[in-house]
Peer 1: 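Before we start, here is the structure in question, set down as structure tokens.
Hydrogens, waters and symmetry mates play no part in the numbers below; they use all other heavy atoms, side chains included. For ligands, and for the atoms within them, numbers begin at 1 and follow the listed sequence.
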Amino acid sequence: MARVGQIGLGYWGKNLVRNFDDLSELAWLCDSDEEHLQELARRYPHAQATQDFDRLLADDTLDAIVIATPVPTHFELARQALEAGKHVFVEKPPAMRAAEMEELVRLAEERRRVLMPGHLLLYHPGVRKLKELVDSGALGEVLCVYGNRQNLGKIRKDENALWSLGVHDLSVILYLVGEEPDVAVAHGNAFLTDGVEDVVFCYLRFPSGKIAHMHLSWLDPQKMRRLTVVGREKMAVFDDMELERKVTIYEKAPWEPAGTYGEWRTRTGDIFSPKIPNDEPLRLECEHFLALVARGPDGHVEARDGLTVVRALDRLNQSLRRGPDG
Ligand SMILES: NC(=O)c1ccc[n+]([C@@H]2O[C@H](COP(=O)([O-])OP(=O)(O)OC[C@H]3O[C@@H](n4cnc5c(N)ncnc54)[C@H](O)[C@@H]3O)[C@@H](O)[C@H]2O)c1
């Protein structure tokens, strides 16, 4: 069984610790905040607790390190862990610049270590269903994909809506489309805190001609967690706010009847929802990481996919910084 240590024991870190304690040998707990550390040290007395990350790096019996600290710290901590020969699970995004993520991927390849970013939604059975629909051709040629991640709150002051909300949808859109965008444009505005955009609209265009859009906002009347895929034959929606009908398939499409000489009409048929397993995405994600640790990095697929996400994020961020006239 893999021996795992975790740095970052805050809101999200607690969920990761719970899973890694169930699925592996939880050997180390690390946090710079004494209170957070002691709270979890009491709950998991069999793990060693420390504020000193070097102690995890120096433990030769430790196989893997899980990083759940704030985003700006990810790159440096992941770099140190890989250099110490550890497998690394790092919350999304592992780096804020494409060049930094490239360095992490290169290190993981050189050291033959797993580098897995925590793109939770990729382990959601509903998203897996969407991928199956896209890959099997059930929707016909995919024309466009768009994500809505909106709510009133939580209003952040340190990272904008692109960094805070966009990583989730971006990882899923790139996973579904399977291409890197050749155009990545973002517009937004900081209404409440200088320099921190509360509302961001993103546009992506892919070499195949597919297009994608993301609406990211914490200033919205409705809570939405939705992804729509428009195919030439059918359309599908993944709605994470739904309890039962997470995925809905619409037999709706453009239709060019024979003999009408290029006149487009639309076709409307059944609407149905396939059964989606109720498995916890976080558990599936942790299990996947441990399976990779057990059998080796497997072509570094997760690390390379993570690089594609950071690259697109970096470009969207630069576009946002340049502004609409840039
Ligand atoms: N996958 C998801 O759905 C999801 C959801 C929420 C958060 N996250 C990610 O999880 C990460 C943590 O978010 P959070 O909401 O738990 O934040 P948080 O602020 O609640 O927790 C961060 C913890 O890291 C500790 N910390 C900060 N810097 C440190 C350092 N240099 N060394 C050691 N400890 C340090 C803090 O003391 C704190 O306990 C972020 O990357 C965030 O994007 C992912």
Peer 1: Using atom types as modelled, flag every donor-acceptor pair under 3.5 Å from a side chain in residues 147-155 to any protein atom, sequence neighbours excluded.
Peer 2:
{"unit_1": "N148", "atom_1": "ND2", "unit_2": "Q150", "atom_2": "OE1", "d": "3.0"}
{"unit_1": "R149", "atom_1": "NE", "unit_2": "D169", "atom_2": "OD1", "d": "3.4"}
{"unit_1": "R149", "atom_1": "NE", "unit_2": "D169", "atom_2": "OD2", "d": "2.9"}
{"unit_1": "R149", "atom_1": "NH2", "unit_2": "D169", "atom_2": "OD1", "d": "3.3"}
{"unit_1": "Q150", "atom_1": "OE1", "unit_2": "H215", "atom_2": "ND1", "d": "3.4"}
{"unit_1": "Q150", "atom_1": "NE2", "unit_2": "H215", "atom_2": "ND1", "d": "3.4"}
{"unit_1": "Q150", "atom_1": "NE2", "unit_2": "D220", "atom_2": "OD1", "d": "3.4"}

Peer 1: In Å and rounded to the nearest 0.5 Å, what is the NZ to CG distance from K86 to D59?
Peer 2: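 Atom-to-atom, K86:NZ and D59:CG are 6.0 Å apart.
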
Peer 1: Is the charged tip of K129 near the ring of F238: under 6.0 Å from the six-membered ring centre and within 45° of its axis?
Peer 2: no

Peer 1: Quick test of your reading: applying ring-ring contact (aromatic ring centres under 6.0 Å, His included), list the pairs with at least one residue in residues 45-66, sequence neighbours left out, ordered by first then second residue.
Peer 2: none

Peer 1: Provide, line by line, the atom pairs where ligand 1 and the protein bring an N/O atom each to a distance under 3.5 Å; else say none.
Peer 2:
{"unit_1": "ligand 1", "atom_1": "1 (N)", "unit_2": "E91", "atom_2": "OE1", "d": "3.4"}
{"unit_1": "ligand 1", "atom_1": "16 (O)", "unit_2": "Y11", "atom_2": "N", "d": "3.3"}
{"unit_1": "ligand 1", "atom_1": "16 (O)", "unit_2": "W12", "atom_2": "N", "d": "2.7"}
{"unit_1": "ligand 1", "atom_1": "20 (O)", "unit_2": "Y11", "atom_2": "N", "d": "2.9"}
{"unit_1": "ligand 1", "atom_1": "34 (N)", "unit_2": "S32", "atom_2": "N", "d": "3.2"}
{"unit_1": "ligand 1", "atom_1": "34 (N)", "unit_2": "S32", "atom_2": "OG", "d": "3.3"}
{"unit_1": "ligand 1", "atom_1": "37 (O)", "unit_2": "D31", "atom_2": "OD1", "d": "2.6"}
{"unit_1": "ligand 1", "atom_1": "39 (O)", "unit_2": "D31", "atom_2": "OD1", "d": "3.3"}
{"unit_1": "ligand 1", "atom_1": "39 (O)", "unit_2": "D31", "atom_2": "OD2", "d": "2.6"}
{"unit_1": "ligand 1", "atom_1": "39 (O)", "unit_2": "H36", "atom_2": "ND1", "d": "2.5"}
{"unit_1": "ligand 1", "atom_1": "41 (O)", "unit_2": "T69", "atom_2": "O", "d": "3.2"}
{"unit_1": "ligand 1", "atom_1": "41 (O)", "unit_2": "H74", "atom_2": "NE2", "d": "3.0"}
{"unit_1": "ligand 1", "atom_1": "43 (O)", "unit_2": "K92", "atom_2": "O", "d": "3.4"}
{"unit_1": "ligand 1", "atom_1": "43 (O)", "unit_2": "K92", "atom_2": "NZ", "d": "3.1"}

Peer 1: With a cut-off of 3.5 Å and sequence neighbours excluded, list every side-chain donor-acceptor pair involving residues 117-124.
Peer 2:
{"unit_1": "H124", "atom_1": "ND1", "unit_2": "G126", "atom_2": "N", "d": "2.9"}
{"unit_1": "H124", "atom_1": "NE2", "unit_2": "D240", "atom_2": "OD1", "d": "3.2"}

Peer 1: Charged N to carboxylate O below 4.0 Å: is that the case for R97 and E103?
Peer 2: no

